[in-house]
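Notes for the one structure printed next.
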Amino acid sequence: MSHQTVVILDFGGQYNQLIARRVRECGVYCEVKPYTTPIAELKALRPIGVIFTGGPGSVYDPSAPQADPEIFRLGLPILGICYGCQLLAHSLGGRVTAAQSDTAREYGKTETFFETDCKLFQGLPPESVTWMSHGDYMEQVPAGFRLCAHSTACPNVAIADEARGFYGVQFHPEVNHTAYGTAMLRNFLYEVCGAAGDWTMGDYKKQAILWLREKIGNGKVLLALSGGVDSSVAAALLAEAVGNQLTCVFVDHGLMRLHEGDEVEAAFSQWDIRFVRANAEERFLSRLAGVTEPEAKRKLIGEEFIRVFEAEARKIGKVDYLAQGTIYPDVIESGAGDAAVIKSHHNVGGLPDCVDFREIVEPLRLLFKDEVRQLGRELGLPEYLVSRQPFPGPGLAIRCIGEVTKEKLDMLRQADFIFREEIAQAGLAGTMDQYFAVLTNMRSVGVMGDGRTYDYTLALRSVTTSDFMTADWTRIPYEVLDRVSVRAVNEVPHINRVLYDITSKPPATIEWE
Ligand code: XMP
């Protein structure tokens with residue numbers, strides 16, 4: 001299999017995998033390489049173009065990451081993004097300085113004006129919103145470059161040396177907030193680099209299968225299967241790659257939604273795979289007793305999962321690999337590299353230090369949620385499985401605020417079921433990406449019949465998102481919220497108040513813990 005390749009040279013920015021994902025979305029194969037990769041190694045990939053990512057440094061700082069000057073002599077088109085743009089300017093004789101005032105330092109959504117005769121912006125409106133995040137400023141652009149975009153605050157938002165195919169943008173075209181960002185990347189790939197668009201998710205599937213076969217050889221693999229989209233797609237991929245060596249273990253930790261354990265078992269028992277259900281409710285609930293701090297809950301659940309997998313592996317005998325359906329946002333939020341820990345996803349930051357497997361295999365680690373769904377379709381998974389809303393590994397434990405008890409879980413399960421049922425009945429399921437109930441740890445006074453109550457407050461949460469990295473709260477019609485509220489208070493003992501969460505991510509996260 002040979003594809004045209006674009007190299008994404010990583011200078012340490014936050015959004016590097018998002019750039020890769022956008023390039024894939026445009027039908028072009030790409031590889032993210034550290035900026036220190038030797039030129040010979042980059043040349044061996046025979047790239048059709050190079051993208052310099054953003055990064056936290058300042059190009060004029062002597063210790064900041066630099067590009068090998070040879071890269072500018074390869075005759076390849078280059079697109080520099082944010083730091084990458086400044087690096088392009090700095091390396092080719094321009095001058096970059098710290099912005100002295102707010103006039104040149106820009107953060108957030110910015111109205112931007114484009115020269116649409118520049119290949120990067122051709123076919124796009126002359127004015128639109130971009131997402132800026134830069135404190136440095138290109139005071140002087142290098143010889144041979146022209147300015148091709150500006151904002152009210154900054155005259156040098158984009159530069160181009162079209163003869164050499166060098167382009168730089170101060171903003172981030174890869175984030176959703178840049179209105180025509182993907183179209184700009186597409187222009188770079190197709191109009192500047194001459195891409196043919198020869199890469200598809202079908203190719204990804206073939207490559208991933210080859211990679212898994214090579215990695216696993218004739219070893220045995222245990223896959224942690226939750227029945228959610230990610231682990232189901234990982235199961236299908238592994239089944240195609242090394243089916244006979246695979247056992248899928250579903251841990252029922254007692255933190256599943258109503259009827260979910262039985263549904264998962266019913267669905268996967270029909271597959272042509274070895275499927276094991278490990279009932280571990282007591283084990284998880286006794287370890288969770290008295291634990292209230294969210295990170296402590298997550299770590300404890302992550303560890304307990306592994307211990308159950310180890311026990312199952314001992315029954316199978318000599319299992320070399322533990323496979324997980326980890327996806328890229330799990331890795332990022334658990335604090336990859338220098339990024340801050342937002343929450344330890346049970347399968348990444350929640351893993352114990354010592355694990356009784358030779359290696360952990362994560363074939364979806366660089367994919368985003370919607371790419372995983374696409375891959376699932378490519379693997380022939382049924383639509384109901386592929387389009388399921390995500391459910392976190394730690395389950396209802398992170399939706400049951402404060403101490404997790406069986407009684408609270410049962411209340412939450414029932415209320416969550418009512419919410420999901422009403423959403424389905426209103427025909428709204430397809431309009432939201434994740435929706436669930438949270439049992440807050442707050443109790444308040446109410447009146448039911450003629451008596452006083454002092455009971456729990458339920459919160460409802462629903463979000464609309466494409467990548468789960470950012471999300472907007474869903475505008476659910478009041479009538480639907482009303483029905484859920486009336487039913488929850490009437491049908492679930494000890495719930496006497498219902499709230500709707502109207503916070504987006506950021507600043508909130510999707511789950512409450
Ligand atoms: P947050 O709450 O970080 O959630 O905005 C983003 C997405 O990730 C899911 N999530 C998890 N999934 N293990 C998982 O498998 C976890 O530990 C975990 N924590 C959050 C969450 O449901 C949402 O879709």
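In what follows, residues are counted from 1 in the order of the sequence shown. Please read these numbers as outputs of a predicted model, since none were measured by experiment. We count ligands from 1, going down the list as the structure has it; atoms in each ligand are counted the same way.
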Please tabulate, for side-chain N and O atoms in residues 390-404, each donor-acceptor pair with protein atoms closer than 3.5 Å (sequence neighbours left out).
{"from": "Arg399", "atom 1": "NE", "to": "Glu511", "atom 2": "OE1", "distance (Å)": "2.8"}
{"from": "Arg399", "atom 1": "NH2", "to": "Glu511", "atom 2": "OE2", "distance (Å)": "2.8"}
{"from": "Glu403", "atom 1": "OE2", "to": "Gly290", "atom 2": "N", "distance (Å)": "2.7"}

For residues Ser485 and Asp482, is any side-chain donor paired with an opposing acceptor at under 3.5 Å? no
Pi-cation contact, Trp211 with Arg213 (under 6.0 Å, within 45°): no
Check ring pair (Phe, Tyr, Trp, His ring centres under 6.0 Å) between Tyr83 and all other residues, then give those that pass, not counting sequence neighbours. Phe11
Dump the pairs for me: ligand 1 N or O, protein N or O, distance under 3.5 Å, to 0.1 Å.
{"from": "ligand 1", "atom 1": "2 (O)", "to": "Lys343", "atom 2": "NZ", "distance (Å)": "2.7"}
{"from": "ligand 1", "atom 1": "2 (O)", "to": "Ile510", "atom 2": "N", "distance (Å)": "3.3"}
{"from": "ligand 1", "atom 1": "2 (O)", "to": "Glu511", "atom 2": "N", "distance (Å)": "2.8"}
{"from": "ligand 1", "atom 1": "3 (O)", "to": "Glu333", "atom 2": "OE1", "distance (Å)": "2.4"}
{"from": "ligand 1", "atom 1": "5 (O)", "to": "Lys505", "atom 2": "NZ", "distance (Å)": "2.7"}
{"from": "ligand 1", "atom 1": "5 (O)", "to": "Ile510", "atom 2": "N", "distance (Å)": "2.8"}
{"from": "ligand 1", "atom 1": "13 (N)", "to": "His346", "atom 2": "ND1", "distance (Å)": "2.7"}
{"from": "ligand 1", "atom 1": "13 (N)", "to": "Gly393", "atom 2": "N", "distance (Å)": "3.4"}
{"from": "ligand 1", "atom 1": "15 (O)", "to": "Gly393", "atom 2": "N", "distance (Å)": "3.3"}
{"from": "ligand 1", "atom 1": "17 (O)", "to": "Arg298", "atom 2": "NH1", "distance (Å)": "2.8"}
{"from": "ligand 1", "atom 1": "17 (O)", "to": "His346", "atom 2": "N", "distance (Å)": "2.8"}
{"from": "ligand 1", "atom 1": "17 (O)", "to": "His346", "atom 2": "ND1", "distance (Å)": "3.4"}
{"from": "ligand 1", "atom 1": "19 (N)", "to": "Arg298", "atom 2": "NH1", "distance (Å)": "3.4"}
{"from": "ligand 1", "atom 1": "19 (N)", "to": "Arg298", "atom 2": "NH2", "distance (Å)": "3.0"}
{"from": "ligand 1", "atom 1": "22 (O)", "to": "Gln434", "atom 2": "NE2", "distance (Å)": "2.9"}
{"from": "ligand 1", "atom 1": "22 (O)", "to": "Glu511", "atom 2": "OE2", "distance (Å)": "2.5"}
{"from": "ligand 1", "atom 1": "24 (O)", "to": "Gln434", "atom 2": "OE1", "distance (Å)": "2.8"}
{"from": "ligand 1", "atom 1": "24 (O)", "to": "Gln434", "atom 2": "NE2", "distance (Å)": "3.4"}

Residues at least two apart in sequence or cross-chain that pass side-chain contact (heavy atoms from CB on, under 4.5 Å) with Ser344, listed by chain then number, are Glu295, Lys299, Val341
What is the minimum heavy-atom distance between Pro56 and Gly12, and which atoms define it? CD-O, 3.3 Å
